[in-house]
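All residue numbers refer to positions in the sequence shown, counting from 1. Every value quoted in this text rests on a predicted model; they were computed, and no experiment measured them.
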Amino acid sequence: MKELVEVIARALVEKPDEVVVTETEKEGETLIELKVAPSDMGKVIGKQGRIAKAIRSVVKAAASKEEKKVVVDIQ
């Protein structure tokens, strides 16, 4: 899942070197934290959060195949 979020985020931003994705697992839930440059935050979130919602939907669909619960946090 981490790699999926990283590929999507790097394709969206102007500064792909500053994309940092961390993955933490606890209590059967996987937390993926996405950090981007402040100037790229709008590109990752999108108007009214549409891009962020789309990223979460793609990750959720991929996680459901593996029967896992994944939460994506954008910082």
Provide the full list of salt bridge (charged side-chain N to carboxylate O under 4.0 Å, His left out) pairs with a residue in residues 2-12, sequence neighbours left out, each pair given once. E6-R10
Separation between CG (L31) and NZ (K26), nearest 0.5 Å, reads 7.0 Å
Holding to side-chain hydrogen bond (donor to acceptor under 3.5 Å, both in side chains), I want the full list of residues that pass it with T22, two or more places apart in sequence or in another chain. E33
Taking salt bridge (Lys or Arg N to Asp or Glu O under 4.0 Å) as the test, write out the residues that go with E29, two or more places apart. K69
Running the 4.5 Å side-chain criterion over Ile, Leu, Val, Met, Phe, Trp and Tyr, what cluster does V58 land in, apart from itself? M1, L4, V5, I8, L12, V13, V19, V21, I32, L34, V36, M41, V44, I45, I51, I55, V59, V70, V72, I74
Side chain to side chain donor-acceptor pair (under 3.5 Å): pairs with one or both residues in residues 43-53, sequence neighbours excluded: E14-K43, Q48-R50
Not counting sequence neighbours, which residues clear salt bridge (Lys or Arg N to Asp or Glu O under 4.0 Å) with E66? List them please. K68
